[in-house]
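I have placed the structure first, in the form of structure tokens, so that the comments after it can refer back to it.
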Amino acid sequence: MGEKILIGICCLIIGYLFGSISTAVILSKKIYKQDIRELGSKNSGATNMGRIFGLKVGFIIIILDMLKTCLPIWISYFVLKYTPLSQYNMSYYGYLISGLGAVIGHCFPLFYGFKGGKAVSSFGGFIVATCWFLIPIGLSLYLLLLKIQKKVSLASIIISIVLSCLSFLLPILPSWFMNFEMESGIAYSITLCLIALILIIRHKDNIKRIIEGNERKIKWMK
């Protein structure tokens, strides 16, 4: 039991450290010689980067933030499944813990004063890394909501709730709906719900503006 707890802690730390790499801050400082945390909404996420430096830059940040969530998940899974550590049967819980750690690191990065993004790209990265079945559903619905409502925050919140609920159906589907023979189960759904909850909490100010009718709308989708 002690070894499994230690493995879990290591997975959480690895995920957190990956998540703490703020791609938006690094890119804004290195290329534009400005700190994104001092511009626009002062949030170090893809949406603020896109509004300040252009749509293309925003998409680049989305990809990078998703990747920094995927990597610790994949690393934890393969190390715990295909090395001598497989004897502890922790590959399933290990990748879930790493993914959760990456989301926490993205929102509260160790290297940037614990002020990070709002977990949208991290949520997407978790889905991409673990369950291909949810990707087309989430992407299609997300784009549809953006086209109708023109609000990134609202679309992100709704998608996180919908995909979290759908994940409870995964155990009745064939195992190949998951990536890399990863397991689906109640622990997976609970983890996804926790990430969705973090995302929603991080959007509390956006939710207030949505209710008041003051939330900013995107202009690039006709």
Side-chain angles (χ1 to χ4, degrees), residues 15-16 19-25 28 35-53 55 57-70 99-110 112-129 134-135 137-167 189-221:
Y16 178 73
S20 290
I21 302 171
S22 180
T23 58
V25 174
S28 64
D35 190 336
I36 189 62
R37 295 170 297 177
E38 298 174 354
L39 304 170
S41 65
K42 296 180 171 47
N43 181 264
S44 57
T47 300
N48 195 34
M49 282 290 287
R51 285 172 178 159
I52 300 299
F53 299 116
L55 191 60
V57 176
F59 278 120
I60 291 174
I61 296 299
I62 289 175
I63 298 301
L64 292 176
D65 283 348
M66 290 176 67
L67 184 60
K68 76 179 185 184
T69 305
C70 292
L100 182 59
V103 174
I104 295 172
H106 175 74
C107 297
F108 310 101
L110 175 66
Y112 302 96
F114 303 101
K115 296 180 180 179
K118 296 185 177 181
V120 178
S121 296
S122 295
F123 183 89
F126 186 88
I127 296 295
V128 168
L134 295 176
I135 297 173
I137 297 175
L139 183 59
S140 299
L141 183 56
Y142 187 77
L143 293 175
L144 178 62
L145 288 169
L146 281 183
K147 185 174 182 62
I148 296 173
Q149 294 290 334
K150 303 291 194 298
K151 298 174 183 177
V152 173
S153 56
L154 181 59
S156 301
I157 292 169
I158 292 175
I159 285 300
S160 69
I161 295 172
V162 170
L163 295 188
S164 296
C165 292
L166 284 177
S167 70
S189 298
I190 290 175
T191 304
L192 202 56
C193 286
L194 284 174
I195 296 174
L197 180 60
I198 293 172
L199 185 153
I200 293 170
I201 292 174
R202 293 290 289 170
H203 281 83
K204 62 182 185 299
D205 292 333
N206 301 85
I207 294 173
K208 181 179 179 181
R209 289 194 295 270
I210 290 171
I211 294 173
E212 295 173 346
N214 300 322
E215 180 68 342
R216 183 181 298 183
K217 295 184 178 182
I218 59 174
K219 300 178 180 178
W220 50 268
M221 179 173 281

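For this chain, numbers begin at 1 and follow the sequence in order.
A distance of 10.0 Å separates SG in C70 from CZ in F126, rounded to the nearest 0.5 Å. Taking CD1 from I36 and OG from S44, the interatomic distance works out to 8.5 Å, rounded to the nearest 0.5 Å. Taken from CD1 in I159 to CG in L134, the straight-line distance is 10.5 Å, to the nearest 0.5 Å. Here the CD1-CD1 distance, from I127 to I137, works out to 10.0 Å after rounding to the nearest 0.5 Å. To the nearest 0.5 Å, the span separating CE on M66 from CG on L64 amounts to 11.0 Å. Considering NZ of K217 and NZ of K151, their distance stands at 5.5 Å, rounded to 0.5 Å.
A 4.5 Å side-chain heavy-atom check between Y142 and S156 finds at least one atom pair inside the cut-off. Proximity of K118 to F123: side-chain heavy atoms (C-beta onward) are nowhere separated by under 4.5 Å. With a 4.5 Å cut-off on side-chain heavy atoms, M49 and I60 do not count as touching. Contact check for L154 versus L145: no side-chain heavy atoms found under the 4.5 Å cut-off. Contact annotation: the side chain of I200 approaches that of I161 to within less than 4.5 Å [non-hydrogen atoms, C-beta and beyond].
The salt bridge (Lys or Arg N to Asp or Glu O under 4.0 Å) check on R216 picks up nothing, with sequence neighbours excluded. Residues forming a side-chain hydrogen bond (donor to acceptor under 3.5 Å, both in side chains) with T23 (at least two apart in sequence, or on another chain): D65.
Not a single donor-acceptor pair under 3.5 Å links the side chain of R202 to the backbone N or O of V120. Checked by atom type and distance alone, the side chain of N43 never pairs as donor or acceptor with a backbone atom of N48 at under 3.5 Å. When atom types are taken as modelled, the side chain of T69 and the backbone of G125 share no donor-acceptor pair closer than 3.5 angstrom. Formation of a donor-acceptor pair under 3.5 Å by the S20 side chain with backbone atoms of L110 is found in this model.
Of all non-hydrogen atoms in S164 and S160, the two that sit nearest each other are OG-O, 2.6 Å. Pairing each heavy atom of Y16 with each of F108, the nearest pair is OH-O, 2.7 Å. Smallest separation of non-hydrogen atoms from E215 and S153: OE2-OG, 2.5 Å.
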Q. How far apart are the C-alpha atoms of L67 and V128, what are their side-chain angles, what is the distance that settles it, and do they pass the side chain to side chain contact (heavy atoms under 4.5 Å, CB included) test?
A. CA-CA 9 Å; L67 184 60; V128 168; over 6 Å; no

**Q.** side chain to side chain contact (heavy atoms under 4.5 Å, CB included) between I198 and I104, worked out
**A.** CA-CA 8 Å; I198 293 172; I104 295 172; 4.2 Å; yes

